[in-house]
Engineer: 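Sharing a structure below in structure tokens format, with a few things to ask.
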Amino acid sequence: MSSEPLGFRHKHLLGIEGLQPFEIRDLLDRADGFVDLNRRADKKLQLLKGLTQINLFFESSTRTQTSFELAGKRLGADVVNMSVASSSMKKGETLIDTAMTLNAMHPDVLVVRHQDSGAVALLARHVRCAVINAGDGAHEHPTQALLDALTIRRRKGRIEGLTVAICGDILHSRVARSNILLLLAMGARVRVVAPTTLLPAGIASFGVDVFTDMQRGLEDADIVMMLRLQMERMQGSFVPSLSEYFHFYGLTYDKLRAAKPDALIMHPGPMNRGVEIDGVVADDIDRSAILDQVEMGVAVRMAVLDVLTRHLRGEAA
Amino acid sequence: MIRPVLIVNARLLDPASGLDAKGGLLAVGGRIAEVGPAVTAAMAPGGAEVIDAKGLCLAPGLVDMRVQLGEPGAEHKERIDSGALAAAAGGVTSMAVLPNTDPPIDDPAMVEFVARRARQVKLGKVYPYAAITKRIEGEELAEIGLLKAAGAVAFTDGERALANARVMRRALAYAACFDALIVQHPEEPTLAEHGVMNEGPLASRLGLAGISPAAEAIMVERDLRLLELSDSARLHFAHVSTREAIQAIRAAKARGLRVTCDTAPHYLALNELEVEGYRTFAKVSPPLRSEDDRRAVVEGLKDGTIDAIASDHCPQDQDSKRLPFAQAAFGVIGVQTMLPVCLRLFHEGELGLLPLLRTMTEAPARILGLEAGRLQKGAPADLVLFDPEAPWKITEASLKSLSKNTAFEGRLVEGRVVRTLVDGRTVFHDEAVA
């Protein structure tokens, strides 16, 4: 199917849910072009010249915020970062008040991260501009799933038919949810691998295969996608300890042997070396795609900014 | 090298296979080489020890799935060697010991410590439970995966109920990843708090604070609901004592839930009237209940709702028991007297010998996944030779435990252990009988 005549039909990018495979493919194709641009000395385009992009991060994230900032600047937008620490939210303003205040400043794109699921969608209802979800609670993180898909597609040549094992803290992970939706939509087989305490109730109904034994979960996998385990979840409430977690669910060469010999290792970062992944495995340049993911992140976010602002430039979406 | 042992002229009793016949058993290298009616004295290999059972019963050594020892931390109440000696004298060849020691068994090194001490003692087999939660505080999960790998037989917070429903739910879910069994002390602690005996007219007359039978039923019903939330989890309730809890477990089993339970000899043999006179040796947790509840426990055992009998051996020194009833410690010893006390059910015609023995051999071994509890070719030669009819009186002097807090002091019982073998080695022999 050609993606050429079909564009992006959405005002915002709030999640992978609701995207059609052709829309995902279109975004990945556009991002592919930006990868080449980003490798040149002159990385600057003027596609978003005159437009204002505000990065509004209620939850701090250096890497995602930097990635969005670079993406906007390379496309020529004026980018402003608002971190919550210095914002009026600290002074008691509600999310909707913040949205309406920002709206009055006439931004063209809002990139929002929030600790609560659904908060980005709530904010989007109160502004006129395009909103990009940069992660909301344990709900979605669509640009992460897109950059993961681009990484996979460039390294493996396809997504359809691959077996992807997503391992670790699925319960609290928006990355896992967005990836499950995207990978299934694109025809991959998806497995989740975790202790039962870190699996959301009814996860099998998403269409994934569930494994609590990592060795079995990795068997013949093409992609091993590790998730970060938050420190506060290692101390006994979800898993007993860091050492037990690493012993049973940390990615080591020993466990990786169950996967395909050319299985690709991914991690959304930041990594806890020695918790969910052995540092040696993470650093294996033949197996690890972790730095590719970071590179694809900028390209994917440029593609998203591009499609969401086309109407402002008088172009068909 | 262990000498071969040939036992002849025995009444073989194997609940697992339903065998009840005259015959013999040959053990070579610590394992059962031959067993059955065809085994006779003529089959003795060179150098074998030949034991004439003179018609006594030969059964698999008992598996006691709930024993407290004082080691480490309370060695004056019971050490591993004294407890193992009491077990051997009671025909118990395998025991699972609770983790509420000091320090508690909540890390792999502690599991290995108990297992190593038991090997040095060279009597029966000792299988340590590990705690479900760190420090047995009921808040954070212990390292269930690593503890199981170190040899923990199952997981329990011992005498403490795991009260927090969220932690219990996660414990069940997490343990299921490792096919580990969770064992609960089923008592709602906030309801039972300050109680010292069964709630009812007797407690009211004695002026003692009661523990409602509902405390047990509430926790059992709550945990069964939590169990239903975890697909592959397994749950075992220790020492059930009330009609309502047993009924809830019966219904859960009928629904196909993976639940098992045990009771203790004192809940089968005694009721709350034992407390009369403020007898602290009748103070146990859960408390001795009404006669109606005791009947329900017997019925539960008969219809298979209650899978196993465990002694719930809980040694307490004199200083812990010679106190006003409310201040005295809970618990009675019982690993040595479990068989004769429970044989009363056989003598009264409540249960046949095989079904009764099953609850102390094959059933607990199956629940804990132990290679024990069967008279089967190839199985370890863990055996008990006993006379089910021989009468004797339980006295302080007859008890091998360091602590003497039995609820059956001065009682006449029928059924005497004559010889106990572990891996084909005699670890107890009552010379006075045979």
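In what follows, chains are A, B, ... by sequence order, proteins preceding strands, each numbered from 1. Values in this document were obtained by computation on a predicted structure and should not be read as measured data.
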Engineer: Are any of the side-chain nitrogens in Arg258(B) or Asp231(B) under 4.0 Å away from the carboxylate oxygens of its partner?
Structural biologist: no
Engineer: Has Arg225(B) got more than 12 heavy atoms of other residues, nucleotides or ligands less than 6.0 Å from its CZ?
Structural biologist: no
Engineer: Counting distance only, does the side-chain N/O of Glu228(B) pair as donor-acceptor with the main-chain N or O of Leu257(B) below 3.5 Å?
Structural biologist: no
Engineer: With a 4.5 Å cut-off on side-chain heavy atoms, are Met266(A) and Ile152(A) touching?
Structural biologist: yes
Engineer: Taking heavy atoms only and a threshold strictly under 4.5 Å, list by residue number the residues of residues 162-179 of chain B that touch chain A; give 'none' if the list is empty.
Structural biologist: Arg170(B), Ala173(B), Tyr174(B), Cys177(B), Phe178(B)
Engineer: Rounded to the nearest 0.5 Å, what's the gap from CZ on Phe58(A) to CZ on Arg113(A)? Could you check?
Structural biologist: 12.5 Å
Engineer: When only heavy atoms count and the cut-off is under 4.5 Å, which of residues 179-205 of chain A reach chain B?
Structural biologist: Pro195(A), Thr196(A), Thr197(A)
Engineer: As an exercise, state the distance from CD1 of Ile265(A) to CG of Asp283(A), rounded to the nearest 0.5 Å.
Structural biologist: 10.5 Å
Engineer: For the atom pair CD (Glu140(B)) and NZ (Lys134(B)), what is the distance rounded to the nearest 0.5 Å?
Structural biologist: 5.0 Å
Engineer: Please classify the contact of Phe238(A) with chain B as side chain, backbone, both or neither, using a heavy-atom distance under 4.5 Å.
Structural biologist: both
Engineer: For chain B, find its close neighbours in residues 246-259 of chain A: heavy-atom separation under 4.5 Å, sorted by number, or none.
Structural biologist: His247(A), Phe248(A), Tyr249(A)
Engineer: Using side-chain heavy atoms (C-beta onward) and a distance below 4.5 Å, is Glu244(B) in contact with Glu216(B)?
Structural biologist: no
Engineer: Around atom CG of Leu229(B), are there more than 12 heavy atoms from other residues, nucleotides or ligands closer than 6.0 Å?
Structural biologist: yes
Engineer: Are Val281(A) and Arg287(A) packed together at the side-chain level, in the sense that at least one heavy-atom pair is separated by less than 4.5 angstrom?
Structural biologist: no
Engineer: Could you grab the distance from atom CG of Leu98(B) to atom SG of Cys314(B), nearest 0.5 Å is fine?
Structural biologist: 8.5 Å
Engineer: I'd like to know if the side chain of Asn133(A) pairs up with that of Glu140(A) as donor and acceptor (distance under 3.5 Å, no hydrogens or angles considered).
Structural biologist: no
Engineer: Tabulate, in ascending numerical order, the residues of residues 126-133 of chain B having at least one heavy atom closer than 4.5 Å to a heavy atom of chain A, or enter 'none'.
Structural biologist: none
Engineer: For the atom pair CZ (Arg222(B)) and CD (Glu188(B)), what is the distance rounded to the nearest 0.5 Å?
Structural biologist: 7.5 Å
Engineer: In this structure, are over 12 heavy atoms from other groups packed under 6.0 Å from Glu17(A) atom CD?
Structural biologist: no
Engineer: Hey, could you give me the CZ/CG distance between Arg79(B) and Leu69(B), rounded to the nearest 0.5 Å?
Structural biologist: 11.0 Å
Engineer: Does the salt bridge (charged side-chain N to carboxylate O under 4.0 Å, His left out) test come out yes or no for Arg158(A) and Glu160(A), once each step is laid out?
Structural biologist: CA-CA 6 Å; Arg158(A) 67 195 165 108; Glu160(A) 193 174 351; over 6 Å; no
Engineer: With a 4.5 Å limit on heavy-atom distance, are the side chains of Glu59(A) and Gln115(A) in contact?
Structural biologist: yes
